[in-house]
Amino acid sequence: MIDHHDLVTYRAVCAQNQAGPFDFTAQGDDARGRDAVLSTMQDVPLTVTRILTHGVRVHGRSQIITWTGEAEPRRRSFAEAGERAVRLANALRDELGVRENDRVATLMWNNAEHVEAYFAVPSMGAVLHTLNLRLPAEQLVWIVNHAADRVVVVDASLIPLLAPLLPKLPTVEHVVVSGPGDRTPLEGTGARVHAYEELIDGRPTTYDWPELDERRAAAMCYTSGTTGDPKGVVYSHRSIYLHSMQVNMTESMGLTDQDLSLVVVPQFHVNAWGLPHATFMSGINMLMPDRFLQPGPLAEMIERERPTHAAAVPTIWQGLLAELTARPRDVSSLVQVTIGGAACPPSLMESFDRLGMRVCHAWGMTETSPLGTVARPPAHAVGTDEEFGYRLTQGRFAAGVEARLTGPGGERLPWDGTSAGELEVRGPWIAGAYYNGPDAEPFRPDDKFSADGWLKTGDVGTISPEGFLTLTDRAKDVIKSGGEWISSVELENALMSHPDVAEAAVIAVPDDKWGERPLATVVLREGAAADYAALRAFLEEECGIARWQLPERWTIVEAVPKTSVGKFDKKVLRRWYADGGLDVTRL
Ligand code: ADP
């Protein structure tokens, strides 16, 4: 045992002997005192740089395959991509003058170059800002200006999207164009234009990466602004590192270098759910669809490249399923499919099961990096009748993600599988505030953060005693009918299990008697006729929906409108309804 004096001396000696990361003095005030035991472990910052160097050294042969729509995809090893990331960092610093903390934006599809930017920018101490290419132009302008991006790396195919915006983006000094394409629309916009390949060509293949504090900003992503202005979430090196380890857990996606993951979820949508970082940690090969996201090309790339895993939101899978039904292909390689971003309808899961693809449901959001839960059934349920029920939940919380449910009056609700409340979470990869612009303190709106700092997710659901989350709705989508709540998701899932229904979205509409009632908007399968009474009877008789929850208002739409990340856009449906744009039948 050492006394206080010894402790001070010991610290001083340690400090003197310190070579690099051995900072024993940084153990905090609570490590002082008579009986203190100092941790003897190295204090190595958890940085994106370390993920990059690990991926290159240890998994250098793993591949990033980028679909080109031509006979051959582009194949690049992690070692090559890593070296190109180093050359890109050199070019950004030496040619473009990018300094630490500068925001370097990407307006790109999923491809190898985008992965290179993912590693080059944070490793040099700058901040990668992924732009959602499906956002309306005015939101993109708002976001780029709010983040004060200095550089935009853009895929040539997206020049027509970027060029008209540039005059409204005063902070953007440089545009780096990746891939072949007409660059003339960028001329005269005030920004200096560079070609990616020419820019990195001949640059040094080493970079003296700065030793960054792990808590520093590495990347940022804005929420899609479904309500109010978009809000910026800034990931730290540490949060990315820890989240990537979590993605790699067997309990989570559990992939290895024997896997090829088809990364359909866009890199601009919460870092493609962390996959590009996670893959460099464990050598998982990536198949990047670039701009070929339609069901036909997706089916073709699965057949030709034989990925073992894929990740995307449910609407992508709905489309792929229809394609596979119409034109069967050999998709037998694909055994695991991660679905998240919106509730996975049970009917979709069953259809994929029949194809031999096992859907694994996951929940998360921009503010949670995103992975918060993954629905792997517990051992005792595997192989039993209970298994499917577990797979339909949003899943079990990852170690590191703490959760609680809050009732309407702010009361804590038990994890009993029945008490429904708003989900609140905290943990090392959960946002604690939003970005407020350069040099400004982050802000914490009351509706998004509790007084004690937990993130209010806006999702309503239950948690079972075993820690499985079941979401019943988003707080803003739930239908409040006569003081009771009706889950729009439950009605949608039930409707989508009907053979005539391709898609269904249910929204709350004002009702004189009940306050709100559900309106069912239905997309019929080809050749099916609208029979609302039959659908209503199906909900009651086959799906067990309580009579008072059954919609009396029905309408047919050609397609459910989708958000920029492919989810049902109920805001648009509500507007259509309010404007009288829907032909509603009342039963
Ligand atoms: P946006 O708010 O633009 O949709 P996010 O991508 O951050 O942005 O969406 C997060 C939200 O998506 C969650 O709060 C939740 O409502 C929904 N979500 C994500 N995964 C699931 C899931 N597996 N089941 C149901 N809802 C989900």
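Every number for a ligand or one of its atoms is a count from 1 in the order of the listing.
- For the pair Cys344 and ligand 1, the shortest N or O to N or O distance does not fall below 3.5 Å.
- Counting atoms of ligand 1 from 1 in the listed order, those under 4.0 Å from a heavy atom of Asp459 are 13 (C), 14 (O), 15 (C), 16 (O).
- Looking at Glu466 and Tyr390, their side chains do bring a donor and an acceptor atom within 3.5 Å of each other.
- Side chain to side chain, His243 and Tyr235 fail the donor-acceptor criterion of an N or O pair below 3.5 Å.
- For ligand 1, the atoms lying closer than 4.0 Å to a non-hydrogen atom of Ala362 are 20 (N), 22 (C), 23 (N).
- At least one heavy atom of Gly364 lies less than 4.0 angstrom from ligand 1.
- Between Asn248 and Ser282, the side chains place a donor N or O and an acceptor N or O closer than 3.5 Å (distance only, hydrogens not considered).
- Near Trp363, meaning under 4.0 Å from one of its heavy atoms, ligand 1 places the atoms 13 (C), 15 (C), 18 (N), 19 (C), 20 (N), 21 (C), 23 (N), 27 (C).
- Ser450 and Asp452 form a side-chain donor-acceptor contact under 3.5 Å, judged by distance and modelled atom types alone.
- Atom numbering of ligand 1 starts at 1 in the shown order; those under 4.0 Å from a heavy atom of His361 are 22 (C), 23 (N), 24 (N).
- With no hydrogens or angles considered, a side-chain donor-acceptor pair links Thr338 and His309 at under 3.5 Å.
- Side-chain atoms of Trp67 and Asn110 include no donor-acceptor pair closer than 3.5 Å.
- Contacts between Ala343 and ligand 1, counted as non-hydrogen atom pairs separated by less than 4.0 Å, involve both the backbone and the side chain.
- For the residue pair Thr406 and Glu424, a side-chain donor N or O sits within less than 3.5 Å of a side-chain acceptor on the partner.
- The ligand atoms of ligand 1 that sit less than 4.0 angstrom from a heavy atom of His269 are 6 (O).
- At a heavy-atom distance under 4.0 Å, atoms from both the backbone and the side chain of Met365 approach ligand 1.
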